[in-house]
2 protein chains.
Amino acid sequence: MKLSNTSEYALRILCFMTKDENRLYSAKYLIDELKISDKYLRRLMTDLTKAGFITSIQGRDGGYKFLKSSGEIYLADVINAVEGMDKYTGCALGFCECSDTNPCVMHSTWVPVREEFLKAFTTKTIRDLDIMTVTKY
Amino acid sequence: MKLSNTSEYALRILCFMTKDENRLYSAKYLIDELKISDKYLRRLMTDLTKAGFITSIQGRDGGYKFLKSSGEIYLADVINAVEGMDKYTGCALGFCECSDTNPCVMHSTWVPVREEFLKAFTTKTIRDLDIMTVTKY
DNA sequence: ATAAAATATTACTTCAAAGTAGCATTTAAT
DNA sequence: ATTAAATGCTACTTTGAAGTAATATTTTAT
């Protein structure tokens with residue numbers, strides 16, 4: 001029940017960028033502020049760009065800035081962009097054919113947990129995160 | 001939001017053993033029925049034995065059987081015995097100092113999900129799982 | 001006593017996620 | 001044109017969970 005580093009980083013980056021939503025952020029600056037390694041962050045930025053959340057400006061004085069409003073970027077969308085939600089929405093025991101009509105032993109136990117997870121990640125956007133009350137990203 | 005294979009196997013094994021709660025189960029039989037590899041299953045059985053859920057009978061005609069009643073073995077206890085619950089109850093973003101008074105950006109989003117998870121795993125026992133309605137373990 | 005059939009332990013191998021390195025490409029200022 | 005400062009891409013290395021192999025130990029039936 002911890003997100004993968006990949007999803008964690010993606011959410012932290014986008015969230016951090018809402019501090020000044022119209023600013024252009026260089027990779028260098030994000031790396032320093034968020035303590036994420038250079039190449040890993042750049043790879044994620046490319047994924048987030050391809051997903052259409054941000055746009056990248058190449059060349060000198062380049063960087064990244066929001067293309068969509070942070071209020072339109074759902075948490076589940078971010079996870080889908082960098083690794084896919086499958087891992088988080090599947091059967092607790094990994095049975096690929098698990099369903100309400102063909103449940104595994106954990107099914108009824110797991111359903112409410114998964115529902116709560118899905119509710120949070122499909123209704124909350126990057127803008128809804130606790131940006132103002134927080135010092136750690 | 002999938003359990004690790006280690007926890008998955010542990011839960012499946014104990015759950016399967018409730019089909020006939022007083023029976024003695026050999027490792028060989030469990031391996032065949034649950035399609036878990038020999039050495040991995042044996043290692044888990046040792047962990048489950050040390051945790052006091054089951055007892056192992058060595059020597060010829062040996063095997064494993066419940067020491068505690070399945071109704072007294074909480075799901076969280078099982079996870080604790082084989083890998084620890086920390087991974088499942090921590091901050092979504094992996095901040096070790098994350099708390100209500102010093103939250104990360106995901107904190108308020110994550111709390112209800114974690115609560116639902118904890119409720120399920122600390123109140124349900126092995127006996128509460130959907131054993132009767134199920135063909136897959 | 002011995003053999004058979006079970007569990008216990010330790011060390012090794014494999015695999016996928018995470019992280020790193022190096023080079024290519026792009027663009028603005030000079 | 002050239003240089004500097006940024007992003008983009010491909011391949012490699014590391015790390016920890018998962019899985020495997022080999023061997024030791026225990027106990028019952030004969």
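Computed from a prediction, not measured in an experiment: that's the story for all the values here. First the proteins, then the strands, lettered A, B, ... as listed; each starts at 1.
At a threshold of 4.5 Å between non-hydrogen side-chain atoms, the residues B:Ile126 and B:Met17 do not count as touching. For the pair B:Ser4 and B:Lys87, the minimum side-chain heavy-atom distance is below 4.5 Å. In this structure, the side chains of A:Ile79 and A:Leu3 come closer than 4.5 Å at one or more pairs of heavy atoms. Using a 4.5 Å heavy-atom cutoff, the side chains of A:Tyr25 and A:Met45 are not in contact. Counting only heavy atoms from C-beta outward, the side chains of B:Ile57 and B:Lys65 approach each other to under 4.5 Å.
Between B:Leu44 atom CG and C:dT7 atom P the separation is 14 Å, expressed in whole Å. Atom CG of B:Leu67 is separated from atom P of C:dT7 by 17 Å (rounded to the nearest Å). Between the P atom of C:dA6 and the CG atom of B:Leu41 lies a distance of 14 Å, rounded to the nearest Å. With rounding to whole Å, A:Ile57 atom CD1 is found 11 Å from C:dT27 atom C1'. Rounding to whole angstrom units, CZ of residue A:Arg42 and C1' of C:dT20 are separated by 13 Å. Taking atom CG on A:Asp47 and atom P on D:dT7, their separation rounds to 15 Å, with Å as the unit. In this structure, A:Asp38 places its CG atom 13 Å from C1' of D:dC9, rounding to the nearest Å. Taking atom CD1 on B:Ile54 and atom C1' on C:dT7, their separation rounds to 11 Å, with Å as the unit.
Taking CD of A:Glu8 as the start and CE of B:Met106 as the end, the distance is 10.0 Å to the nearest 0.5 Å. Here the straight-line distance linking atom OG of A:Ser26 with atom CG of A:Asp61 works out to 10.0 Å at 0.5 Å rounding.
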Can you tabulate the close N/O pairs, meaning under 3.5 Å, that link protein atoms to atoms of nucleotides 22-25 of chain D?
{"from": "D:dA22", "atom 1": "N7", "to": "B:Lys39", "atom 2": "NZ", "distance (Å)": "3.2"}

For nucleotides 14-18 of chain C, tabulate all protein N/O to nucleotide N/O atom pairs closer than 3.5 Å, reporting atom names and distance.
{"from": "C:dA18", "atom 1": "OP1", "to": "A:Asn5", "atom 2": "N", "distance (Å)": "3.2"}
{"from": "C:dA18", "atom 1": "OP2", "to": "A:Thr6", "atom 2": "OG1", "distance (Å)": "2.8"}
{"from": "C:dA18", "atom 1": "O3'", "to": "A:Asn5", "atom 2": "ND2", "distance (Å)": "3.4"}

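Between A:Arg60 and the phosphate of D:dA4, there is no side-chain N or O to OP1/OP2 separation shorter than 4.0 Å. Contact check, B:Thr49 against C:dT7: no side-chain N or O comes under 4.0 Å of OP1 or OP2.
A:Asp47 and A:Arg43 are not joined by a salt bridge, as no carboxylate oxygen comes within less than 4.0 angstrom of a charged side-chain nitrogen.
Residue A:Leu118 forms a side chain to side chain contact (heavy atoms under 4.5 Å, CB included) with just one option from A:Thr89, A:Thr123, A:Val113, and that option is A:Thr89.
Taking a 6.0 Å sphere around NZ of A:Lys124, one finds it holds more than 12 heavy atoms contributed by other residues, nucleotides or ligands.
When each of A:Asp61 and A:Thr46 is assigned the nucleotide of DNA chain D bearing its nearest heavy atom, the one mapping closer to the 5' terminus is A:Asp61.
Within residues 14-36 of chain B, no residue approaches DNA chain D, by heavy-atom distance under 4.0 Å.
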Apply side chain to side chain contact (heavy atoms under 4.5 Å, CB included) to the pair A:Tyr88 and A:Glu83, showing each step before the final yes or no. CA-CA 10 Å; A:Tyr88 300 103; A:Glu83 66 168 339; 2.7 Å; yes
